[in-house]
2 protein chains.
Amino acid sequence: MPELGALEVLLAVARGGSLNAAAREVGVSQQAVSARISSMEAQTGVPLVTRSARGSALTPAGVVVVEWASRLLDVAGELDAGLAALRQDRRTRLRVSASLTIAEHLLPGWLVSLQAAARQRAQAGPEVVLTAANSDTVIEQVRRDQADVGFVEGPQAPRDLRSRVVGRDALTLVVRHDHPWTRRRRPVAAQELAATALVSREPGSGTRDALVAALRAALGPGAVLTPPAMALSTTTAVRAAVLAGAGPAVLSELAVADDIAGHRLRRVPLDGLDLHRELRAIWRGPSRPPAGAVRDLIAHIALRERPA
Amino acid sequence: MPELGALEVLLAVARGGSLNAAAREVGVSQQAVSARISSMEAQTGVPLVTRSARGSALTPAGVVVVEWASRLLDVAGELDAGLAALRQDRRTRLRVSASLTIAEHLLPGWLVSLQAAARQRAQAGPEVVLTAANSDTVIEQVRRDQADVGFVEGPQAPRDLRSRVVGRDALTLVVRHDHPWTRRRRPVAAQELAATALVSREPGSGTRDALVAALRAALGPGAVLTPPAMALSTTTAVRAAVLAGAGPAVLSELAVADDIAGHRLRRVPLDGLDLHRELRAIWRGPSRPPAGAVRDLIAHIALRERPA
DNA sequence: GCCGGTCACAAGGTCGCCTTGTACCCCTGC
DNA sequence: GCAGGGGTACAAGGCGACCTTGTGACCGGC
């Protein structure tokens, strides 16, 4: 498996059309670029570049690999932006606190496009410092002025804080690809779901609370809900349990989109339950977001997520 | 930026709950795991793991990073599967030839899920050898028995070959986020598109041919089509040109989905043009796919893509 | 109180990658 | 015809990252 750095060099060669141009772009010597490409070709067993005395061009296989690598580096850039935001050592400019679901699945993309937008205006983007926690903690941090802005999901916008909807999410019922429910023709009813032992998050999690609230709304406050088959503290653990065959789960669509696209999990239609929820930015103080970085951030995100 | 190997180690720690378990899983010494995690924490400036005498657990930041890393490694796995398929040195078991669009955007996912499905049955998956070329070349290779199965897009299923639809694609008009067309209220009509100088692929490309065919179908065979602003030989180059402000382009939705999600490009609605096209598996010989690997592959892909 | 499990510290070896210096090739223009 | 600029290849040497082995300390269960 080639390293990310080697792939970046390959992309630079593709862009520049020569090893030399790539070397200048990356900031190393021409020989280093040549050696890295060679070692990558040896490692993968695939010829990627044809070298000639008047430049280097990609082979047909190289064109395809560049496309794949470009996707990979995009995702790597999101991770990098996220890590930069988690780094606490700098003087904080903009303290963001976000629920786990939002931090895991949306924030990296927001950060990347925020920086890209800033770069386009030839400005430096804000230095974002991120804290990820559960929804209650996020609200508490905003209240105590430990965060300039928070992002939470769910309808419970606290009254003492201001908020703005910046996107939507929905919970969805998922099972492993070989679960009997994948062969159902009818959607699962609320009553049936309540009678099923699910793999669930721990009590207090926003995802679990939202499901319970929706079930009680559909079946009445006195409805008997089957206790979970197991309660785990992270989405990743829940997903792993479902993949191990522990049973169905109800998770955010954001969390399972990749697994559904990769056909590791399957979505099962539900009937009679409203599991949509709004994603909100929350902040303290006056009813409009304060001028400056906080307002810019919220406006940027709302613009990003609205058309989607 | 942490290396992929380091992220794999981190995921192993998250799964196993201890450095030692991760070391066994990855196949290195416990000290190596400890050092790698430490160096990663130093590199990123983010504490990821809390170590204790009875195991190691992720910090809150670590949980989020693990989720991000997991996405990254999924994409890396697709690249790896693709590279393995491009490697020609093995004895070929199953020779696949695919059009550029399919090879770039769909095949890695197919390969990963094919191997996963095989592993689940405790079998070794087929050794796929991939050739990526334009549609005409793919068809020619299947005809000459240089490929066991081909994948092409577009309606032109050659009559002397057998085929089966395994998915759908559509071309879409895209512009840079700051292009005037992003502020239009009405869709762009076929006539208007024909009068626009687009950034385009080279003549002979399936994408370009499909657009021309759709325009002629809408406007009549004698319609005057404005020549492209520029003609480039890869989708990547076209995308780069659009991002550089060279003008609008018509590209496969598969090719621009990431850019649209990342808000680098914007889709512009079209009116009066049918730009859908079918993705087909093609093969030689009898009307049913021959038994064995070719049939398994086609069935697997059709099952994957149908519900989407 | 022993034992299995966990993690940390230290020393030494290997290997990958980068740099510098040099040589060759191709095309262009005078 | 020949110089010059841009391109790539080969070779030697240095630095640093990573891994291994050996050893010590801490925690909890039987």
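All values below come from the heavy atoms of this structure, side chains included, with hydrogens, waters and symmetry mates left out. Residue numbering restarts at 1 for every chain, and letters A, B, ... go by the order of the sequence lines.
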Gap between atoms CD1 and C1', on B:I37 and D:dC19 respectively (whole Å): 15 Å

Nearest listed nucleotide, side chain of B:Q31, among C:dT19, C:dC26, C:dA8: C:dA8

Between P on C:dG16 and CD on A:E41, what's the gap in Å once rounded to a whole number? 17 Å

CA sep, side-chain torsions, deciding dist, call: A:D74, B:R264, salt bridge (charged side-chain N to carboxylate O under 4.0 Å, His left out): CA-CA 12 Å; A:D74 275 356; B:R264 292 179 290 272; 3.5 Å; yes

Rounded to the nearest Å, what distance is computed from the CD atom of residue B:Q43 to the P atom of nucleotide D:dA17? 10 Å

Which donor-acceptor pairs under 3.5 Å do side chains of residues 229-236 of chain B form with protein atoms, sequence neighbours excluded?
from, atom 1, to, atom 2, distance (Å)
B:T234, OG1, B:A237, N, 3.1
B:T236, OG1, A:E67, OE1, 2.7

Less than 3.5 Å apart, any donor N or O on the side chain of B:R51 or B:S38 sitting next to an acceptor on the other? yes

Tell me: CZ of A:R24 to P of D:dG6, nearest whole Å? 8 Å

Roughly how many Å is it from CD in A:E3 to P in C:dC15, rounded to a whole number? 17 Å

Short side-chain N/O contact from A:R51 to OP1 or OP2 of D:dA9, under 4.0 Å: yes

So which nucleotide from C:dA8, C:dC17, D:dG6 ends up closest to the side chain of B:L19? C:dA8

Regarding A:S29, tell me which of base, sugar-phosphate or nothing describes its non-hydrogen contacts under 4.0 Å with the strands shown. base

Quick check: on DNA chain D, is the nucleotide nearest A:S38 upstream (toward 5') of the one nearest A:A53, or the reverse? Name the residue that is more 5'. A:A53

More than 12 non-hydrogen atoms from neighbouring residues, nucleotides or ligands closer than 6.0 Å to CZ on A:R54, yes or no? no

Indicate whether OP1 or OP2 belonging to D:dT8 is found under 4.0 Å from a side-chain N or O atom of A:S56. yes

Would you please confirm or rule out a distance under 4.0 Å between OP1 or OP2 of C:dT6 and any side-chain N or O of B:S18? yes

Report yes if a side-chain nitrogen or oxygen of B:N20 is closer than 4.0 Å to either non-bridging phosphate oxygen (OP1 or OP2) of C:dG5; otherwise report no. no

How many Å lie between CE on A:M40 and P on C:dC17, as a whole number? 11 Å

B:R36 has an atom CZ; how far is it from atom P of C:dC7, in whole Å? 17 Å

Heavy atoms of A:L79 and B:W68 approach each other most closely as CG-CB, 4.1 Å

Considering just the side-chain nitrogens and oxygens of A:R54, establish if one lies under 4.0 Å of OP1 or OP2 belonging to C:dC25. no

